[in-house]
Amino acid sequence: MTELPRYEYVKLADAIAVDIASGKLPLGAALPGERAMTDLYGVSIGTVRRAVVELRRRGLVATLPAKGTYVIELPEATGDTHEEGEPDS
């Protein structure tokens, strides 16, 4: 089966999640600002914003208005056990 392409914001969220898991962005660390991430990752500000929303959805970061976005949890090392597109039990 052919793997479906991933959206740019998902790729960015995955890259940041890897940085969190590796300790490059430890618990409590602030993510770079939106403008800095556009330069750092070579993506649009819309992509950065959607990636941050995705990271919040995953429970990895929290955003404090006018303060920034911070790492609040490390990703699970075991990963998901269900197949892509399969509902959780």
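Owing to the predicted nature of the structure, the values given are computational and were not obtained by experimental measurement. All heavy atoms count here, side chains included; hydrogens, waters and symmetry mates do not.
The two residues G59 and I72 have their closest heavy-atom pair at O-CG1, 3.7 Å. Shown here for M37 and L31, the closest heavy-atom pair between the two residues is CE-CD2, 4.4 Å. The heavy-atom pair separating A13 from E54 by the smallest distance is CB-CG, 3.7 Å. Nearest heavy-atom pair across A17 and R58 is CB-NH1, 3.9 Å.
Taking CG from L27 and OH from Y70, the interatomic distance works out to 14.0 Å, rounded to the nearest 0.5 Å.
Applying side-chain contact (heavy atoms from CB on, under 4.5 Å) to T69 and the options L60, I16, V52 leaves one that passes, V52.
Identified under the side chain to side chain donor-acceptor pair (under 3.5 Å) test for residues 20-39, with sequence neighbours left out: E34-R49. Residue pairs meeting the ring-ring contact (aromatic ring centres under 6.0 Å, His included) criterion with at least one member in residues 32-54, sequence neighbours excluded, do not occur.
Counted within 6.0 Å of CZ on R56, heavy atoms from surrounding residues, nucleotides or ligands total more than 12; the atom is thus considered enclosed.
Counting side-chain heavy-atom gaps under 4.5 Å among Ile, Leu, Val, Met, Phe, Trp and Tyr, the cluster of Y9 also holds Y7, V10.
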